[in-house]
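Here's the structure, in structure tokens; my notes come after.
Everything numeric in this text was worked out from a predicted model, so none of it was measured. Quick note on labels: first sequence line is chain A, next is B, and so on, each numbered from 1.
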Protein chains: 2
Amino acid sequence: MDPRTLETLRTVGSQGGVTAAAAVLHLTPSAVSQQVALLQREVGVPLTERVGRGLRLTPAGEALAEAAVDVAVALERARAACDEFLERPQGVVRVSAFQSGAQLLLPALLTRVAGIEGITLECTDEDVAQDDFVALTDRMDVVVAHRPDDGLGWSGGRAVQVVPLLREPLDLAVPLDHPLAQHAEVRPDDLRDLPWIAVREGFPVATVLGAVGARSGETPRIVHRVNDFHVVEALVEAGHGVSLLPRYTFGGGARVRLVPLAGVRAGRRIDALVRRDRAERLVVRRVLDELRALAVDIDTA
Amino acid sequence: MDPRTLETLRTVGSQGGVTAAAAVLHLTPSAVSQQVALLQREVGVPLTERVGRGLRLTPAGEALAEAAVDVAVALERARAACDEFLERPQGVVRVSAFQSGAQLLLPALLTRVAGIEGITLECTDEDVAQDDFVALTDRMDVVVAHRPDDGLGWSGGRAVQVVPLLREPLDLAVPLDHPLAQHAEVRPDDLRDLPWIAVREGFPVATVLGAVGARSGETPRIVHRVNDFHVVEALVEAGHGVSLLPRYTFGGGARVRLVPLAGVRAGRRIDALVRRDRAERLVVRRVLDELRALAVDIDTA
DNA sequence: GTGACGCTGTAGCGTTGCTGCATGGATCCG
DNA sequence: CGGATCCATGCAGCAACGCTACAGCGTCAC
């Protein structure tokens, strides 16, 4: 029962399959399958069960995977205990963020971390469906994710730590020459019968527009589904519809007008997701500290 | 950084050397040395330092060894998590006890555990110096140890769990025809100028006699040093001296007379010592439960 | 000073765990 | 309804890791 094998089991569970887990762990599916089979023989309980052409963890498997988290945490804590005796912590930290979050946070984060000796940041932008952010933590140290203001938390359970960064309001984006562009704020009633540009179903903040529509009494008329906010901005600018855009990230531009919403709460929460074992690494902690401080700067600016 | 290697480091620390650790781990000293060297290279900090012809852990080594305990605990907890899904826990538990404790507890413990399906007990008697009981936990699952009533606790730190079992009074043992044999109790003043049979220096309850002597105002005159209480009993019976003997273990016999001491607190505490990782095993827990219940029976009898 | 003890390096060997490929179900689509 | 596809799994082969055995060297005791 070695931690590598336990980690493999955990990944099979979180990724939902042998092949996906193998990709994350940089192994062949065969190796993953063999590891699980061996582990299964060792504990004498079935850990996985086939479902369709894939497989999922049995209750026993889930229990073991959960226990595996504590093993990984204890191991990283042991590493950290030694690092305390090294004068300067050292290592690379992989950070992923959804695009607009990356645009908002990563440049300043890189600047801040550049001042810290020994920490190397590797950044990536990842645009995934709402439910898939947690799975990214298997590949990344820090995952910057967003979710609707009112929505539930993340599904990672005890395995992932959620670090709240900031709340970003979503404003109505209209063309500069739109009638509503001159308003200081708009109320749900003003939004009737507008042509909306929304994000694809299942992606973060997709549900926010529905909540806003519910306040105006009718379901919004969605004419386009576009995930990239820059494309959205260009479409709005050209008069092809209105949309909801995050204030901090798109408030500065002159291409569209952002009008605050009143009488309805619209916003997104930006969180950092970290696997609990990764969170034990000293360098990861330092990066999270910087990220949190940065978020405070933005929020109070 | 695998748990096996961490365990090796921990053992080198607790056993105080490569050779002793190798014996416990059923390895050659060379293998142990190589593991430590490799671990050292991995963390980049010296973990051991030579002292004379042996070696000890550096502060960094101590820190890592302490963290290693949590790793081992987490791993055993993972195993236990799976065992929950097996209907009956199964396994062998190695129990060691000092001789008189073994005589007092092991027969009844074996009887009790015999009623539990799946648990196999392997018992040993181990007579070691006071400070060496903790080190036994590396080889044994449960170590039944004793210490003076008033003494400090055990030195194992966070790594070993101490389960108090019972307190056993130490009575004055005299020949059946001794003047004091008719007394219902004896006071420190009655003990002046008696020829004492004590245990060897450094062994458990060796200090108790000194404490008793202090109350009588003079240092006891020790004429023999014998560790085995049965030998002590035979010597006392034959009139070669008096001694302190544990009440529960030797009170039933007719070879000597045990007279309670008054005006001075003399006794030993019997504890079970268990490494925290071993304590996570379900079967070990069950055995400890029985041991505790058994101690209550004796104490209230 | 000499013997014993204890830690450490090196050579050699066995075992473990991986990759690559082939097989057998289960699903999707024409 | 049948072929294509995807996924998990078994087996052969190979590389790497970790152990034992043995020699070397420093330290302590007599």
Side-chain angles (χ1 to χ4, degrees), chain A residues 1-58 60-62 64-65 68 71-72 75 132 135 138, chain B residues 1-58 60-62 64-65 68 71-72 75 132 135 138:
Chain A
M1 169 154 321
D2 79 325
R4 258 176 76 74
T5 308
L6 288 175
E7 172 72 10
T8 301
L9 179 75
R10 205 178 102 51
T11 310
V12 169
S14 67
Q15 296 289 322
V18 171
T19 307
V24 169
L25 299 171
H26 304 294
L27 290 173
T28 58
S30 180
V32 172
S33 183
Q34 288 175 50
Q35 282 189 26
V36 174
L38 227 71
L39 186 61
Q40 211 147 189
R41 185 170 307 172
E42 187 178 343
V43 299
V45 193
L47 298 173
T48 58
E49 57 190 0
R50 305 215 49 152
V51 45
R53 56 185 170 188
L55 52 71
R56 68 152 170 260
L57 300 188
T58 61
E62 291 285 358
L64 187 53
V71 174
L75 268 173
D132 296 341
D138 283 336
Chain B
M1 166 151 327
D2 79 325
R4 260 176 74 74
T5 308
L6 289 175
E7 173 71 11
T8 301
L9 179 76
R10 204 177 103 50
T11 310
V12 169
S14 67
Q15 296 291 322
V18 170
T19 306
V24 169
L25 299 170
H26 303 295
L27 289 173
T28 57
S30 181
V32 172
S33 183
Q34 287 175 50
Q35 282 188 26
V36 174
L38 225 71
L39 186 61
Q40 209 148 189
R41 187 170 305 173
E42 187 179 342
V43 300
V45 193
L47 297 173
T48 59
E49 56 191 0
R50 304 214 53 150
V51 44
R53 56 185 170 186
L55 52 71
R56 68 152 170 260
L57 300 188
T58 62
E62 291 286 359
L64 187 53
V71 174
L75 268 173
D132 296 341
D138 284 336

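Comparing dC19(D), dT8(C), dA8(D) by their nearest atom to the side chain of Arg4(B) picks out dC19(D). Between dA4(C), dA21(D), dT8(C), one nucleotide has an atom nearer to the side chain of Arg53(B) than all others, and that is dA4(C). Nearest nucleotide to the side chain of Leu27(A), out of dT8(C), dT20(D), dT19(C): dT19(C). With dC19(D), dT8(C), dA8(D) as the candidates, the nucleotide lying closest to the side chain of Pro29(B) is dT8(C).
Rounding to the nearest 0.5 angstrom, the gap separating the CZ atom in Arg10(A) from the CG atom in Asp138(A) is 5.5 Å. Note: Glu42(A) CD to Leu47(A) CG = 10.0 Å, rounded to the nearest 0.5 Å. Atom-to-atom distance recorded for Thr5(B):OG1 and Gln34(B):CD is 11.0 Å, nearest 0.5 angstrom. Considering CD of Glu7(A) and CG of Leu25(A), their distance stands at 6.5 Å, rounded to 0.5 Å. Here the CG-CG distance, from Leu39(B) to Leu64(B), works out to 5.5 Å after rounding to the nearest 0.5 Å. Rounded to the nearest 0.5 angstrom, Asp132(B) CG and Gln15(B) CD are separated by 9.0 Å.
Here dT27(D) presents its P atom at 15 Å from CZ of Arg56(B), a figure rounded to the nearest Å. When the P atom of dG18(D) is taken as reference, atom CD of Glu7(B) falls 16 Å away, rounded to whole Å. The distance between atom CG of Leu9(A) and atom C1' of dA8(D), rounded to the nearest whole Å, is 15 Å. Taking atom CZ on Arg50(A) and atom C1' on dG24(C), their separation rounds to 9 Å, with Å as the unit. Rounding to whole angstrom units, CG of residue Leu47(B) and C1' of dT8(C) are separated by 16 Å. At whole-Å resolution of the value, CG in Leu55(B) and P in dG26(D) are 16 Å apart. Taking atom CG of residue Asp2(A) and atom P of nucleotide dG18(D), one finds them 12 Å apart after rounding to whole Å.
Shortest non-hydrogen contact noted between Leu27(B) and Gln35(B) is CD1-NE2, 3.9 Å. Listed here is the closest heavy atom pair of Leu6(A) and Ala68(A): CB-CB, 3.7 Å. The two atoms that bring Gly61(A) and Leu9(A) nearest to each other are O-CD2, 3.8 Å, heavy atoms only.
Residues from residues 35-45 of chain B placing a heavy atom under 4.0 Å of any atom in DNA chain D, listed by number, are Gln35(B), Leu38(B).
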Each nucleotide N or O in nucleotides 10-15 of chain C that has a protein N or O under 3.5 Å away: list the pair and distance.
unit_1  : atom_1 : unit_2   : atom_2 : d
dT10(C) : O4     : Gln34(B) : NE2    : 3.3

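Here Thr28(B) lies in heavy-atom contact (under 4.0 Å) with a base.
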